[in-house]
Amino acid sequence: MAKEYNFREIEQKWHRLWVERQTYKVTEDEHREKFYVLNMFPYPSGAGLHVGHPLGYIASDIYARYKRLQGFNVLNPMGYDAYGLPAEQYAIKTGQHPEKTTFANIDRYREQLDKIGFSFDWDREVRTCTPDYYHWTQWAFQKMFNSYFDEELQKAQPIEKLIEKFKQEGTWPADEKAQSDLLMNYRIAFLGETMVNWCPKLGTVLANDEVVEGVSVRGGYPVEQKKMRQWCLRVSAYSQRLLDGLDTIDWSESIKETQRNWIGRSEGAEIEIPYTLSKDGDEAGSFTIFTTRADTMFGVTFFVLAPESELVDKVTTPDQRAAVDEYLKYVKSRTERERMIDHTVTGVFSGAYGINPITGDKCPIYIAEYVLAGYGTGAIMAVPAHDSRDYAFAKHFDLPIIPLVEGADISEESYDAKEGIVCNSPITPDKSVEYDGERLCLNGLTIKEAIAETKRFVKAHNLGRVKVNYRLRDAIFSRQRYWGEPFPVYYKKGIPTMIPEECLPIELPQVEKFLPTETGEPPLGNAQIWAWDEKNRKIVDKKLIDEAAGIYPIELYTMPGFAGSSAYYLRYMDPHNDQALVSDRAASYWQNVDLYVGGSEHATGHLIYSRFWNKFLFDLGVSKKEEPFKKLVNQGMIQGRSNFVYRIKETNTFVSLGLKDKYDVTPIHVDVNIVKNDILDLEAFKAWSPEYATADFVLEDGKYICGWAIEKMSKSMYNVVNPDMIVENYGADTLRLYEMFLGPVEQSKPWDTNGIDGCFRFLKKLWALYWDKDGNLALTDDEPSADSLKTLHKLIKKVTGDIEAFSYNTSISAFMVAVNELSQQKCSSRTVLQTLPVLIAPFAPHIAEELWEALGGEGSVCDAKWPQYEEKYLVETSVKLGVQFNGKVRFDMLFPADATPEQMIEIATSAPEAAKHLEGMDIVKTIAIPKRIVNIVVKPKA
RNA sequence: GCGCUUGUGGUGGAAUUGGUAGACACGCCAGACUUAGGAUCUGGUGCCGAGAGGCGUGUAAGUUCGAGUCUUAUCAGGCGUACCA
């Protein structure tokens, strides 16, 4: 009896030995080159892992193991993003403390992960919800509070420097409250009165990336705009650095592009517009507009303010007051969502007129919701001829439209393109205002030139300034929730004050109820022991709050999800350090993440916040690299493949896919776990639900064939495939191979169990290479044959190249080919067969360890040396070449491997096969492609 | 609307980067061994055609001796984003 591939026994054995031997423990070692591999850590949800989750982990584990075999000191940690809404909502429903459910979920995750055989160093595990971890989240927040962004140096600086500057300038106020308010305008973490996305259903504010199409990402509840005092992070200060950094990192172009759009840099000009409160009135003030099309100043026919702008009140004339108020009321009644979907033109005349500084024209000022308060200055100059939104507005309110580009047809729509020659600017020479003897004239210039010329003019005559605007907004950093990091902040006479650094962490207090209080305070309002005793430096009962005694209320907000996930990669470097986020030694050694693997859905969330957070810590000298993630690979999503059975209406009879059109049927989702290769397991189906216990079937060829569809993997579609079942039936090595064999890592693809047998068969074949009929090792010390050496070295070359390129599916194909070849060659050479376990170790570590041990290898296969291929085994003795003539004739012939292109042409043209084609022809030219083909182009003799 | 991205057999997907399209796997067909097979092994399998042969990488044109690969146009799907002036 040949020795069986008993994956259960092998995998259990090695899971045990890896733990006993601490195979995956890593320590800093300055004598070895480091390599840092990281996965985006998971949020441990109650549903456990499905087959989609491990995809990225397997991909990065393969790379980590490969790098280790190449001699690198590889850091490959794992942890949990443990704060989150689902645990809190579950707590609200059941009263169970979120920590309890979160930890239970973590245990379940860990159990599932362990079965797959990852090379994680679990000693470095982090959980964002434990005090020893969020200590450093709070610490970073305090550092941000005590820093400002120096525009000149383009980096964070201690706030003391700024205070010093104010003192020197004599602008430092004496009053403490005034000092606090002043500094709030500069601190990187600051309290700001801002428009926030308020989600009433969730009872909390949300960041911009947590809102999609006007509803919350979590739960899909409506979101409205509300002005609130919130903690914010001055992410926008880093806009330019966040943009520039993208050019230095190896990320996919699409993610970089998404981030560039999100940052939204636009170069333009701010121009001062004086206004009057009646057509012939005197100047009553001025406002500033922002434009990227300064060249269109001559086409301005009206101005527009955002309804939320503070200017609205100032420019509204008594006549128009009622109309404006009514319009503002209407705007306020609309939700974010309505405003987003419905783009009908609305607006109201304010009664005031803006004076175009270039033409001197007076144009009406409107108020309209199509202008956004949050971008630029909240005020625009409208050029209906060359902006589609202004055009629609002008048509609706019957305002003039002045074309400014030669040949542009604006009868039906505006001409928005930035191409063409400018005209009508000005229409007549006197139609422009003279400044210091100069008048602006753009006629005849290209649009690009005109923009530059206008900017110059505006700047030279002090009509405004050149300005770069960013779409990126400051991140709102507080949440009205329980299950998050508490702020280490108390309010001393209304002034936000930091709890001393030495007293951190401030632990999340216990509460009875996780809902907001009856008075509308956030859930932390339910905490009893939640006041700061300044003298004794400790947290006390809030009943004791007494300003005279130095006992103050503590902040009730908590931090958002991205707080804990923004710098976790630094913590993995030194997870047990209670003196610092990360020691200087560890940070200097590990530097930054060499390979980061995770989903592309974090492009505008985590991946921006993390880069921001790291840049801040870099400015502090804590992080050693400006960019946290050198290379990013976005693994695709695994979709579900649902199966259907077809029930004949009003019966309990099910008809197979091929015959269903003959009946009137209802498709019903059936659990994919009782379907194999689209064939339904009838007994399992009957047992699946009592309803089907007495089901009848109409079969084809004796089988019940199910229909299928690609859908999201979800419980309700019965298409969730759990990795545990695959591991149970085929083993972890097969699961790992199959997930990679499914297709390129970056690509989204449906989970389809149909092909898994191929990978399982491959492992069995690999296993079979090593054992004879009696179950003994079938190895010889004979010289390996040339064929088997060629097979081996071809494989080494292919696999090495493919791993580097993350092309795991093709390297697995190469393994399959190689094992088939070696099996056919009846290869039993120790030299060859000893190398295979090392090569397969990154993909299928369990079988690799077992074979390595059986062959008498030293220690773990993880510490073996990755083999080098040698060209000499790959050289062909002769090369097959085709000769191709003009037209379609062609034949194959053999050339010596070392033939030069000239010799190849010589041989080809003088070959007997060629003679009949060359008869009566002139050779126009000949081309030889090395090792491939000789082309001879001919034409009939003249 | 804008930005990015992908279109190759019945299916998942290969293609040394401009050089024999369809590797490898699933599925299917035939055969072998079996009491049996959803086990194992062998062979076949892009399409049309009995055959010789012809046609084939979403569609149409172009560059080239040669195009799945490059260029242009066009169609279709996916992702992101959205009144950003």
Side-chain angles (χ1 to χ4, degrees), chain A residues 212-213 252-262 264-266 268 289-294 296 304 306 339-343 345 368-372 374-383 386-390 392-393 416 469-473 600-601 603-604 634 636-637 641 676-679 681 703 708 737-738 741-744 746-759 761-762 764-765 768 797-798 801 807 809-818 820 880-882 884-888 890 892 924-938:
Chain A
V212 171
E213 288 175 0
S252 75
E253 209 38 58
S254 70
I255 290 263
K256 287 200 213 176
E257 204 49 40
T258 306
Q259 291 211 345
R260 284 191 195 109
N261 290 339
W262 190 259
R265 181 192 152 103
S266 62
I289 58 101
F290 174 73
T291 180
T292 55
R293 290 293 302 274
T296 57
V304 189
R339 221 170 137 165
M340 227 171 236
I341 294 166
D342 173 22
H343 283 188
V345 177
E369 59 178 339
Y370 84 90
V371 173
L372 306 177
Y375 184 76
T377 58
I380 63 153
M381 61 180 211
V383 185
H386 302 290
D387 182 288
S388 54
R389 295 153 302 175
D390 299 344
F393 196 86
D416 291 14
N469 247 319
Y470 299 91
R471 204 187 75 119
L472 184 67
R473 311 225 198 133
S600 56
E601 67 273 20
T604 53
N634 298 113
M637 292 236 278
R641 187 179 190 275
K676 190 165 175 182
N677 292 349
D678 289 338
I679 296 162
D681 181 334
K703 295 172 201 156
W708 58 272
L737 280 175
Y738 186 57
F741 188 66
L742 220 44
E746 285 99 334
Q747 197 171 300
S748 285
K749 57 234 153 190
W751 177 261
D752 178 354
T753 322
N754 290 348
I756 199 161
D757 290 310
C759 289
R761 253 189 293 248
F762 157 71
K764 282 196 282 193
K765 282 182 197 166
K797 185 177 181 179
K798 177 84 178 140
S807 182
N809 55 337
T810 51
S811 51
I812 293 168
S813 293
F815 271 115
M816 291 175 173
V817 173
N820 275 338
K880 192 175 165 193
L881 289 145
Q884 192 162 349
F885 292 85
N886 201 18
K888 307 203 164 170
R890 131 173 156 205
D892 293 332
V924 178
K925 62 173 161 178
T926 53
I927 300 153
I929 291 98
K931 290 195 181 180
R932 270 279 177 232
I933 287 169
V934 175
N935 291 300
I936 301 167
V937 186
V938 295

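Sequence lines set the chain letters: A, B, ... in the order given, protein chains first and strands last, and positions in each chain run from 1. All values reported here derive from a predicted model rather than from experimental measurement.
Under the 30°/60° scheme for interplanar angles, the aromatic rings of A:Phe290 and A:Tyr375 are found to stand perpendicular. Ring pair A:Trp751/A:Tyr738 is perpendicular by interplanar angle, where above 60° counts as perpendicular and below 30° as parallel.
Checking B:rG13, B:rA25, B:rU81 against every side-chain atom of A:Lys749, the shortest atom distance belongs to B:rG13. In this structure, of B:rG13, B:rA85, B:rC83, it is B:rC83 that holds the atom nearest to the side chain of A:Glu369. Closest approach to the A:Ser813 side chain among B:rG3, B:rC26, B:rC24 is made by B:rC24 (side chain taken as heavy atoms from C-beta onward). The side chain of A:His343 sits closest to B:rC83 out of B:rC83, B:rA14, B:rA85. Among the nucleotides B:rG12, B:rU81, B:rA14, the one closest to any side-chain atom of A:Pro744 is B:rA14. Picking from B:rG12, B:rA85, B:rA82 the nucleotide with the shortest atom distance to the side chain of A:Phe741 gives B:rG12. Of the listed nucleotides (B:rG80, B:rA85, B:rG12), B:rG80 has the atom at the smallest distance from the side chain of A:Thr258. Across B:rU81, B:rA85, B:rC24, the shortest atom-to-atom separation from the side chain of A:Met816 is found for B:rC24. Side-chain atoms of A:Thr810 lie closest to B:rA15 of the nucleotides B:rA15, B:rA85, B:rG13.
The salt bridge (charged side-chain N to carboxylate O under 4.0 Å, His left out) search around A:Arg265 returns A:Glu267, not counting sequence neighbours. Scanning for side-chain hydrogen bond (donor to acceptor under 3.5 Å, both in side chains) contacts around A:Arg260 gives A:Asp247, A:Glu253, A:Glu257, with sequence neighbours left out. With sequence neighbours left out, the side-chain hydrogen bond (donor to acceptor under 3.5 Å, both in side chains) criterion links A:Asn261 to no other residue. Residues forming a side-chain hydrogen bond (donor to acceptor under 3.5 Å, both in side chains) with A:Arg473 (at least two apart in sequence, or on another chain): none.
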At a cut-off of 3.5 Å, list every protein nitrogen or oxygen paired with a nitrogen or oxygen from nucleotides 37-40 of chain B, distance to 0.1 Å.
from: B:rU40; atom 1: OP2; to: A:Arg761; atom 2: NH1; distance (Å): 3.3

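Listed pair A:Tyr370 / B:rA85 fails the phosphate criterion, with no side-chain N or O lying under 4.0 Å from OP1 or OP2. Taking side-chain N and O atoms only, A:Asn809 has no distance below 4.0 Å to OP1 or OP2 of B:rC24. Taking 4.0 angstrom as the limit, A:Gln747 places none of its side-chain polar atoms (N or O) nearer than this to OP1 or OP2 of B:rU6.
Listed for the A:Asn469 side chain is no donor-acceptor partner under 3.5 Å among the backbone atoms of A:Ser266.
At the heavy-atom level, A:Ile380 lies under 4.0 Å from base atoms of the strands shown. Note on A:Val371: a base of the nucleic acid sits closer than 4.0 angstrom, heavy atoms only.
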* Which dot-bracket string fits RNA chain B when only Watson-Crick or G-U wobble pairs with both atom distances under 3.5 Å count, crossing pairs get [ ], and | stands for a partner on a different strand? -> (((((((..(((......[....)))((((((.......))))))(((....)))..(((((..]....))))))))))))....

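Each of A:Glu257 and A:Thr604 lies near RNA chain B, and the nucleotide nearest A:Glu257 is the one positioned closer to the 5' end. Along RNA chain B, the nucleotide nearest to A:Tyr738 and the one nearest to A:Ile255 differ in position, and the one closer to the 5' end is contacted by A:Ile255.
The glycosidic torsion of B:rU69 lies more than 90° away from 0, placing the base in the anti range. Regarding the sugar-base torsion, B:rG9 falls in the syn class, its angle being within 90° of 0.
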